**Q** 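Input: one structure, supplied below.
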Amino acid sequence: FQWNGVQDDDRQQLPHRYYCLRSGRNEYPKNPPRPQCKFMTSWRDSNTVEILSGAPAWSQLDINSEVTLALTLQIHSEQVNDPGAIQGFLNLLTIYLDRWQGQPSVLVVHVAGATPDVAAVLRTKLGPGSDLSYYGLDTTLAAAIFSQGPDITSRKALMNMAIDASPTRWVVSGYELERGIVMSQDTAYLVHRTAQIQKDSPGAVYIIPQFGLLEGDHDFSVGALELAHLDGHLLSLEDLEEGECEGDDEVDLHHEGNNVFEQIEKLWWEITRRLTKENPVLMDEKMVEQEALALDKIQLALTSLLTETQHYNLYATDISPVLMFDNLGPRYGMITNEMVREVEEFGGKLCYNSLRLAQMATLGYHINVLGGAFAISTQATRHVIGDPNKGALGVSRCDGCFFFVDEEEEDILEDISLDERTRPAKIAILWERTADPLQGHT
């Protein structure tokens, strides 16, 4: 791996793929209705994507053993004129960089209704000579898209941009700064150790659970999390999201035994408590079997989300999963960020957020949970960024898949969803034929 750093006028080492930041219905011909990209860009688009930090220290990376943190941030137009919110985002970023301990990271920022003042602040804080250099900015590739209009862009497109630019085999994605979540103290150590352990076993995916603290302070340790849990001050992050929306009562995710994320959290607590005991308990054969059975049930539950009967539950997943994943897939030649991508047309807060994870499970990725690592939203981290739900269409979770909101556009969402739910089967057939010499492929 050779890295020369990125300058604003030299982007040859960055991905060449295009990203659709904003979608809508086709204008001509109007029938049949289909999606059309309204705002497209790429890492090499110097007119739209401004490189703030070129990650000069990536030249010293070990791409097989290190892990890249893929961060995204959307600043909406209501927050642009709030200096406290902008500083709050920068404070959260400082926490991430400090806890990531100099490992590589990618940050993609979109600013809606950008003003010269906000652009100047971000250029100063994320550019050369910034005080964030003390926290590892030299290992961060940071880019900003400054839009004059108030429109929100696709969260999934920003996530794809960050993942594609990640230089290492292992990536952690799903951390969105606008949600006010922060990684736990030991996350960097745990993901690095896991990458070392799994280096000879490609195709692993580790889920990092997300919690919301109702009240009180938190030091982002497992001990403090346990105490908050016992005091009844801890919720799953999806239960802490803003108020109910029309159609929420149709979701079957919270029924007993049906919510896959409840299963994930239950297993995570069991593994974490075992790991953090003063005298760690060695796993006997029965415990190994129970854990394997729990993981099998999680894998099956995720796979079932792609079925027609689970379609609405797939759509209505509230939060984007935080995942540590191997960019080497479970089968030879399968590259994760090429085969399993976020669907950029599904750009809203509540819009098929677990689709990618369900596709991974169906394709045979080894689904696991990362014991000891978690993300948490506290009163302080939520308050510091202002109101994240007040603004243009797409800011609120109740806006759903906001690129296609009219009744006549529902068919577009249905068609995209059907294509994506059946895509793992098509990929599997392609791989079988590629591997079968009788089919005439090599």
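All values derive from a computational prediction rather than experimental measurement.
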**Q** So, are R341 and E420 salt-bridged, with charged N and O less than 4.0 Å apart?
**A**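 Result for this pair is no, no salt bridge flagged.
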**Q** Under a 4.0 Å threshold between the charged nitrogen and the carboxylate oxygen, would E345 count as salt-bridged to K156?
**A**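 Salt bridge: no.
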**Q** Side chains of I416 and P35: does their closest heavy-atom pair fall under 4.5 Å?
**A** yes
**Q** How about S23 and F39: do any of their side-chain heavy atoms sit closer than 4.5 Å?
**A**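 S23 does not reach F39 side chain to side chain.
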**Q** Indicate, with yes or no, if the rings of F325 and Y365 have centres closer together than 6.0 Å.
**A** no
**Q** Can you name the closest pair of heavy atoms from A162 and T72 and give their distance?
**A** CB-CG2, 4.3 Å
**Q** Applying side chain to side chain donor-acceptor pair (under 3.5 Å) between R169 and each of N64, T336, D326, T68, report the one that passes.
**A**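 Of the listed options, the one satisfying the test is D326.
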**Q** Do L71 and V106 touch side chain to side chain, with heavy atoms closer than 4.5 Å?
**A**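 Side-chain contact under 4.5 Å: no.
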**Q** Show the numbers, then the answer: is there a salt bridge (Lys or Arg N to Asp or Glu O under 4.0 Å) between R397 and D318?
**A** CA-CA 8 Å; R397 67 182 282 272; D318 256 319; 2.8 Å; yes
**Q** Checking side chain to side chain donor-acceptor pair (under 3.5 Å) between N160 and each of E342, E344, R356, R17, which is the one that passes?
**A** E344
**Q** Between R179 and E176, is there a salt bridge with N-O shorter than 4.0 Å?
**A** yes
**Q** Can you give me the closest heavy-atom contact between A373 and S184, atom names plus distance?
**A** CA-OG, 3.7 Å
**Q** What are the two closest non-hydrogen atoms of G347 and S154, and how far apart are they?
**A** CA-OG, 3.6 Å
**Q** Side chains of R382 and T378: is there a donor and an acceptor less than 3.5 Å apart?
**A** no
**Q** Step through the shown structure and confirm whether more than 12 heavy atoms of other residues, nucleotides or ligands are within 6.0 Å of NZ on K38.
**A** yes
**Q** How long is the span from the CD1 atom in I367 to the CG atom in L357, to the nearest 0.5 Å?
**A**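 One gets 5.0 Å once the value is rounded to the nearest 0.5 Å.
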**Q** Working to the nearest 0.5 angstrom, can you tell me the gap between R331 CZ and M339 CE?
**A** 12.0 Å
**Q** Can you name the nearest heavy-atom pair linking A112 to V80, along with the distance?
**A**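 Distance-wise, the nearest heavy atoms are O-CG2, 3.1 Å.
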**Q** Any side-chain heavy atom of I271 within less than 4.5 Å of one from L370?
**A** no
**Q** Quick one: does Y135's side chain get under 4.5 Å of W100's, heavy atoms only?
**A**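 Contact flag for Y135/W100 side chains = no.
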**Q** Rounded to the nearest 0.5 Å, how far does OH of Y19 lie from OG1 of T48?
**A** 14.0 Å
**Q** Identify the heavy atoms of L97 and S105 that sit nearest to each other, and give their distance.
**A** CD2-OG, 3.8 Å
**Q** Return yes when atom CD of Q148 has more than 12 non-hydrogen atoms of other residues, nucleotides or ligands closer than 6.0 Å, and no otherwise.
**A** no
**Q** Between W43 and P15, what is the shortest heavy-atom contact and its length?
**A**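 Closest pair (atom of W43, atom of P15, distance): CB-O, 3.6 Å.
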**Q** So that I can tick it off, tell me whether E291 and R274 are bridged by a salt bridge, with the cut-off set at under 4.0 angstrom between side-chain N and carboxylate O.
**A**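 Salt bridge between R274 and E291, a charged N being under 4.0 Å from a carboxylate O: yes.
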**Q** Does NZ or CZ of R99 come closer than 6.0 Å to the centre of the six-membered ring of F220, within 45° of the ring's axis?
**A** yes
**Q** Centroid-to-centroid, H229 to W269, below 6.0 Å?
**A** yes
**Q** Run the numbers on H16 and S42 for side chain to side chain donor-acceptor pair (under 3.5 Å), then give the verdict.
**A** CA-CA 7 Å; H16 56 76; S42 77; over 6 Å; no
**Q** Could you check M334 against I427 for side-chain contact (heavy atoms from CB on, under 4.5 Å), going step by step and ending with a plain yes or no?
**A** CA-CA 10 Å; M334 186 178 285; I427 293 174; 4.1 Å; yes
**Q** Any side-chain heavy atom of E178 sitting closer than 4.5 Å to one from I75?
**A**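 The answer is no; the side chains never approach within 4.5 Å.
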**Q** Is the Y206-H366 ring centre distance short of 6.0 angstrom?
**A** no
**Q** Considering only heavy atoms from C-beta outward, does the side chain of I412 approach that of D415 to under 4.5 Å?
**A**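 When only atoms from C-beta onward are counted, D415 and I412 do not touch, as no gap falls below 4.5 Å.
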**Q** Starting at CG of L21, measure out to OG of S147 and round the result to the nearest 0.5 Å.
**A**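 Between atom CG of L21 and atom OG of S147 there are 7.5 Å.
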**Q** With no hydrogens and no angle check, do the side chains of K297 and Q299 hold a donor and an acceptor under 3.5 Å apart?
**A**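 The criterion, which ignores hydrogens and geometry beyond distance, is not satisfied for Q299 and K297.
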**Q** Is any side-chain heavy atom of S320 less than 4.5 Å from a side-chain heavy atom of Y175?
**A** no
